[in-house]
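One-based numbering along the sequence shown.
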Amino acid sequence: MTVLVQRSLLRVCITLALYIKISYPVCLFQGIKVNYHNMNLLRKMGGYSQECLIETTDFRFPMETTKVTQNNIRMIIYEFLQQIFQLFSKNLPVGAWNTSHIEKFQNGIYHQIEELEICLSEEQSRARNSFQTWILKSTTFSVKKYFQRITNFLKDRQYSHCSWGAVQMELRKCLIIFDRLMKKHMS
C-alpha cells in the first residue's frame, strides 16, 4: 500500500470516528465524583446557625427510591437532580449564602442533568416491561411529592434563612443517599 493511500485511509477513519462520536453521544455520567463535589459545595454555601435548630421538619424522604433496580437508578437520580435544580433556581437566601458556591452548585447539578439525559436516551431505546415502567412512574411521582413538601415548607416560612438551612440539611441527606445508590448500582 502506498503512503498516499495509507494517509487517505487514515483521514477517512478519523473522519468516521469523529462523525460517530458526534452523532452518537456516549454516556459519561460521573455521578459519584460530581456528587461528592456538590455535597461539598452545599456544605460551603452557608451556615445553619444554632437559632435555626427549631426550624426542622420531616420531609418524609421517599425511601422506595432506595429500592430501585439498576435499570432505573439513573432515571430516579435524574428526577431528583431536576427537582433540586428547580428548587435552587428561585427564592434563595442570597444575602446569607455564598453566591459563588450557589452558582457552582447549580452548574454542577445542571452538568449532571445533561450527562444523565444522554444516558437516559440510550436506556430508553431499550425496551422496558410495563411493570418496571409502572414502578418507575410511581417512584418518580413520590420524588415530586417529596419536593413539593419541601417547596411548601419554604413558602410557609417565607423562604427564610433558617428554612433554607433546614432544606440544605435535607438535601445533604439526599446526596448521601445518592452516593450510596450510585456506589451500589454503578460501580
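Nearest heavy-atom pair across Leu87 and Val167 is CD2-CG1, 3.8 Å. Taking every heavy atom of both residues into account, Glu115 and His111 meet most closely at OE2-NE2, 2.7 Å. Closest approach of Ser163 and Arg157 over heavy atoms only: CB-CB, 3.7 Å.
Looking at Ile109 and Phe105, their side chains come closer than 4.5 Å, going by heavy atoms from C-beta outward.
Residues satisfying the side-chain hydrogen bond (donor to acceptor under 3.5 Å, both in side chains) criterion with Glu103, sequence neighbours excluded, are absent altogether. Ser138 meets the side-chain hydrogen bond (donor to acceptor under 3.5 Å, both in side chains) test with no other residue; sequence neighbours excluded. Listed by chain and residue number, nothing satisfies the ring-ring contact (aromatic ring centres under 6.0 Å, His included) test with Tyr159 (two or more places apart in sequence, or in another chain). Partners of Phe80 under the ring-ring contact (aromatic ring centres under 6.0 Å, His included) rule, at least two apart in sequence or in another chain, are Phe61, Phe147, Phe178. Ser142 pairs by the side-chain hydrogen bond (donor to acceptor under 3.5 Å, both in side chains) definition with Glu64, not counting sequence neighbours. Legend: residues meeting side-chain hydrogen bond (donor to acceptor under 3.5 Å, both in side chains) with Tyr78, ordered by chain and number and at least two apart, are Gln82, Glu117.
Put simply, CZ on Arg60 and CD1 on Ile150 are 11.0 Å apart, with the number rounded to the nearest 0.5 Å. Between the CD atom of Gln83 and the SG atom of Cys174 there is a distance of 11.0 Å, given to the nearest 0.5 Å. The distance from atom CG of Asp156 to atom OG1 of Thr151, rounded to the nearest 0.5 Å, is 10.5 Å. To the nearest 0.5 Å, atom CZ of residue Phe59 and atom CD of residue Glu170 are 5.5 Å apart. A distance of 8.5 Å separates CZ in Arg74 from CD1 in Ile77, rounded to the nearest 0.5 Å. We find the CD1-CG distance between Ile102 and Asn107 to be 12.0 Å, quoted to the nearest 0.5 Å.
Residue Leu171 is grouped with residue Ile176 when hydrophobic side chains (ILVMFWY) are merged at heavy-atom distances under 4.5 angstrom, including chains of intermediate members.
In summary, the side chains of Glu79 and Tyr146 do not present any donor paired with an acceptor at a separation below 3.5 Å, with no hydrogens or angles considered.
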Exercise for the section: Could you walk me through whether Trp164 and Phe153 pass ring pair (Phe, Tyr, Trp, His ring centres under 6.0 Å), step by step? Expected result: CA-CA 9 Å; Trp164 269 106; Phe153 173 79; 9.8 Å; no
